[in-house]
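In this chain, numbering begins with 1 at the start of the sequence shown.
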Amino acid sequence: MARISIMGPSGRQERQLFRHNSLGRHPRNTHQVLDRVVSKEHCHIELIDDRYVLKDLGSLNGTYVNGERVDQRPLEPGDEITIGSTRIVFEPEERRGGVSFDALLNEEPREATQRFKIGDTDAGPLIRAKVSVLAEKTFFAEELVQDDASLRRDYEKLRASYEVTRAIEIGKSITAVCNKILEVAFRLVPADRGVVLLHNDQSILEPVSVRTGEGVDPEQEVVVSKTVLDTVVREKEAVLSHDASADARFQSAQSVIMQGIRSTMCVPLIHNDAVLGVMMLDSKLATHAFTEKDLALFETVASQAAVAVQNTLFAKKLEQEAVTRERFRRLLSPAIAEQVLSGQLEVKKGGELRETTVLFADIRGFTSISESCEPQVVVDALNEYFERMVEIVFRYEGTLDKFIGDEMMVLFGSPVAHRDDPIRAVRAALEMQEALVSLNERHEARGLPPFEIGIGINTGEVVAGYIGSSQALEYTVIGDPVNTGSRLCTLAKAGQTLISEGTLDKLGNHFELKELPQEQVKGKALPIRVFELVGRAARD
């Protein structure tokens with residue numbers, strides 16, 4: 001997926017693009033643009049063949065790309081779209097290790113961070129002291145310790161590290177970790193307010209946690225100089241300033257003066273030489289509220305915090321990869337799942353046309369069975385049935401699309417294709433019918449009615465890909481061949497497997513089939529040819 005930055009009368013917004021996006025003034029649009037010059041539904045941005053395409057919807061004031069009015073055109077990274085008085089910049093989304101940092105940072109609401117903003121200050125003069133080496137980050141060897149001061153500094157660093165380590169629980173959310181980090185910082189250093197900012201996927205500093213001390217209005221807006229933040233990130237150095245409001249050099253730093261901030265500390269969160277984010281503490285109550293010792297402690301906290309944040313990101317990444325791995329293993333046969341997970345095979349995100357053989361299998365009379373037996377007995381029997389059926393499907397490297405009550409939908413050819421997918425599907429159907437014999441023997445022993453299934457198989461070109469909302473996506477296929485396969489399953493009697501003409505044409509002489517009278521099915525203007533699977537051909 002890609003993103004757009006919307007810059008209009010209501011401010012700047014960063015929004016993720018979906019497969020289909022509508023932009024306009026009306027709230028029903030995917031992305032509402034609060035601009036009175038923009039039409040109610042002004043334009044669309046759609047993902048077509050792996051490219052996002054912009055389409056104007058006949059708007060009165062037009063849609064422009066890089067200053068040129070367009071009706072429809074593919075978008076390139078950095079393209080600037082103009083609708084009304086609103087500018088929109090298109091950028092592909094940068095991904096890190098398969099897991100979006102934005103997804104991790106937005107895993108829970110952070111109301112407190114709404115009070116935070118970065119001020120557009122000139123803050124060159126705002127930096128009074130930049131410190132790159134603070135009170136020796138390493139500890140002295142015993143034989144080199146010559147005074148109590150060195151011992152005390154080392155003790156303070158150990159205490160800060162211990163406090164952070166004790167407070168933080170890896171596995172918690174990023175927000176929870178940052179809240180704990182600020183809590184520790186407030187215990188070690190006298191401060192009125194604190195902020196933790198982390199880089200999002202666009203390398204923009206985003207507030208994750210904001211904390212205020214006792215006696216400070218928690219609703220007051222926190223404003224931080226952008227120049228200070230940029231300096232800390234660029235130079236990977238801590239910044240300490242004193243009495244900002246009284247110093248003539250701060251005249252251009254309006255955000256600092258408005259807030260009445262007298263002392264500020266800002267330190268980078270660095271892990272493996274990469275700046276993950278920034279931590280800031282400020283004080284409004286006294287000049288020189290922070291000393292170099294406080295800054296040394298604060299940097300120790302930041303050093304531990306960077307490790308904690310990185311470890312939490314890694315833990316979340318591993319957790320999501322484990323979930324992804326498990327989902328693939330539920331969808332695909334083990335051999336195919338491992339190839340997809342290792343990168344040998346690609347499961348393409350977004351829609352694509354694929355020839356696919358779709359198999360539907362449905363238990364006949366299941367409603368009456370469920371009404372006549374204990375619920376737990378029925379569920380256990382159904383789970384045993386599905387376990388056996390999926391085992392057969394995976395043996396032929398089919399993909400389990402979904403369970404629909406007592407029905408299952410299986411794909412052969414999506415997301416991974418074989419030259420003989422229709423043959424694989426029909427062989428799987430034969431084995432599924434045969435497997436019911438042993439299953440029903442166990443049902444009989446438990447006093448359960450036998451399971452009998454009807455199967456429908458159809459082959460055709462479908463749209464395959466990830467479909468759903470931004471919160472819940474699933475891989476599936478849609479199109480007329482899917483509907484026809486479902487209709488064939490509905491027509492099939494207990495123990496019967498019905499095959500379409502589209503599948504028959506690709507089976508060769510591997511199976512014995514019998515043509516049945518043509519059937520009129522929903523969605524088709526003309527009756528379709530239907531074939532019943534009798535068995536394997538003598539030489540198959």
Side-chain angles (χ1 to χ4, degrees), residues 330-333 356-412 414 422 424-459 474 476-478 481-500 503 511 513-514 516 519 521-523 528 530-536:
R330 289 175 183 270
L331 283 171
L332 307 171
S333 68
T356 302
T357 299
V358 187
L359 180 152
F360 286 88
D362 184 58
I363 300 175
R364 295 293 175 251
F366 184 76
T367 301
S368 60
I369 293 174
S370 61
E371 289 174 349
S372 61
C373 301
E374 291 292 327
Q376 190 58 52
V377 174
V378 174
V379 169
D380 290 344
L382 192 59
N383 284 337
E384 182 184 32
Y385 160 77
F386 280 137
E387 189 76 31
R388 184 74 182 94
M389 297 299 109
V390 171
E391 179 188 326
I392 294 168
V393 166
F394 282 177
R395 187 182 308 133
Y396 288 97
E397 298 190 348
T399 299
L400 175 64
D401 185 288
K402 62 176 68 73
F403 296 120
I404 313 165
D406 60 304
E407 183 179 56
M408 60 189 295
M409 175 179 168
V410 178
L411 313 175
F412 292 85
S414 292
R424 289 169 183 258
V426 175
R427 284 177 175 161
L430 276 170
E431 284 200 29
M432 291 166 72
Q433 296 283 16
E434 292 167 355
L436 285 178
V437 176
S438 59
L439 275 175
N440 287 332
E441 287 175 357
R442 288 195 286 276
H443 285 189
E444 185 179 0
R446 287 180 283 177
L448 274 172
F451 280 0
E452 294 182 300
I453 60 174
I455 297 176
I457 301 175
N458 185 37
T459 303
E474 66 172 12
T476 190
V477 297
I478 55 176
V482 180
N483 300 330
T484 301
S486 179
R487 304 281 185 264
L488 288 173
C489 180
T490 302
L491 292 172
K493 299 174 183 177
Q496 193 175 45
T497 297
L498 299 184
I499 294 172
S500 70
T503 302
F511 305 98
L513 299 135
K514 178 175 70 175
L516 303 179
E519 293 279 358
V521 298
K522 185 178 179 180
I528 63 170
V530 180
F531 300 84
E532 180 181 0
L533 176 64
V534 177
R536 298 173 180 82

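- One finds the CZ atom of Phe531 at 11.0 Å from the CG atom of Leu488 (value rounded to the nearest 0.5 Å).
- Qualifying salt bridge (charged side-chain N to carboxylate O under 4.0 Å, His left out) partners for Glu434, counting only residues two or more places apart in sequence or in other chains: Arg536.
- Using modelled atom types, one side-chain atom of Thr503 and one backbone atom of Thr459 make a donor-acceptor pair closer than 3.5 Å.
- Taking CZ of Arg446 as the start and CD of Glu384 as the end, the distance is 4.5 Å to the nearest 0.5 Å.
- Taking the side chain as every heavy atom from C-beta outward, Ser500 and Ile528 never approach each other to under 4.5 Å.
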With side-chain contact (heavy atoms from CB on, under 4.5 Å) as the criterion, how do Phe403 and Val390 come out once you've worked through the C-alpha distance, each side chain's angles and the decisive distance to 0.1 Å? CA-CA 11 Å; Phe403 296 120; Val390 171; 3.9 Å; yes

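- Between the side chain of Asn458 and the main chain of Val358, no donor-acceptor pair closer than 3.5 Å is present.
- By the 4.5 Å heavy-atom criterion applied to side chains, Met389 and Val393 are not counted as neighbours.
- To the nearest 0.5 Å, the span separating CD on Glu391 from CD on Glu387 amounts to 7.5 Å.
- By the salt bridge (charged side-chain N to carboxylate O under 4.0 Å, His left out) test, Asp362 pairs with Arg364, sequence neighbours left out.
- Summarising the geometry of Gly405 relative to Phe386, their closest heavy-atom pair is O-CZ, 3.6 Å, with the distance given to 0.1 Å.
- For the ring-ring contact (aromatic ring centres under 6.0 Å, His included) test, residues two or more places apart in sequence or in another chain that qualify with Phe451 are Tyr385, His443.
- The distance from the CG atom of Leu411 to the OG1 atom of Thr356 is 6.5 Å, given to the nearest 0.5 Å.
- Within the 4.5 Å cutoff, side-chain heavy atoms of Phe366 are placed close to those of Leu382.
- Side chain of Thr490 to main chain of Ser486: a donor-acceptor pair is present (N/O by atom type, distance under 3.5 Å, no hydrogens or angles).
- Between Gly365 and Ser368, the shortest heavy-atom contact is O-OG, 2.8 Å.
- Atom CG of Leu359 is separated from atom CG of Asp401 by 11.5 Å, given to the nearest 0.5 angstrom.
- Considering all non-hydrogen atoms of both residues, Gly535 and Leu430 come closest at CA-CD2, 4.0 Å.
- In this structure, Leu516 and Leu498 have side chains that are in contact, with non-hydrogen atoms separated by less than 4.5 Å.
- The two residues Ile392 and Ala435 come nearest to each other via the heavy atoms CD1-CB, 3.8 Å.
- Between Gln433 and Leu533, the closest side-chain pair of non-hydrogen atoms is not below 4.5 Å.
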Go through it in stages, so that I can follow the logic: the residues are Phe511 and Ile499, the test is side-chain contact (heavy atoms from CB on, under 4.5 Å), and I'd like the CA-CA distance, side-chain angles, deciding distance and then a yes or no. CA-CA 11 Å; Phe511 305 98; Ile499 294 172; over 6 Å; no

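- Ion pairing between a basic and an acidic side chain is recognised when a charged N comes within 4.0 Å of a carboxylate O; Arg487 and Glu519 show no such pairing.
- Side-chain atoms of Thr399 and Val410, non-hydrogen and from C-beta on, never get closer than 4.5 Å to each other.
- Scanning all heavy atoms of the two residues, the minimum distance from Cys489 to Gly454 falls at SG-O, 3.4 Å.
- Looking only at distances, no side-chain donor or acceptor of Thr497 sits under 3.5 Å from a matching main-chain atom of Ile455.
- Counting only N and O atoms by type, the side chains of Asp380 and Gln376 include a donor and acceptor under 3.5 Å apart.
- A distance of 4.5 Å separates CE in Met409 from OG1 in Thr476, rounded to the nearest 0.5 Å.
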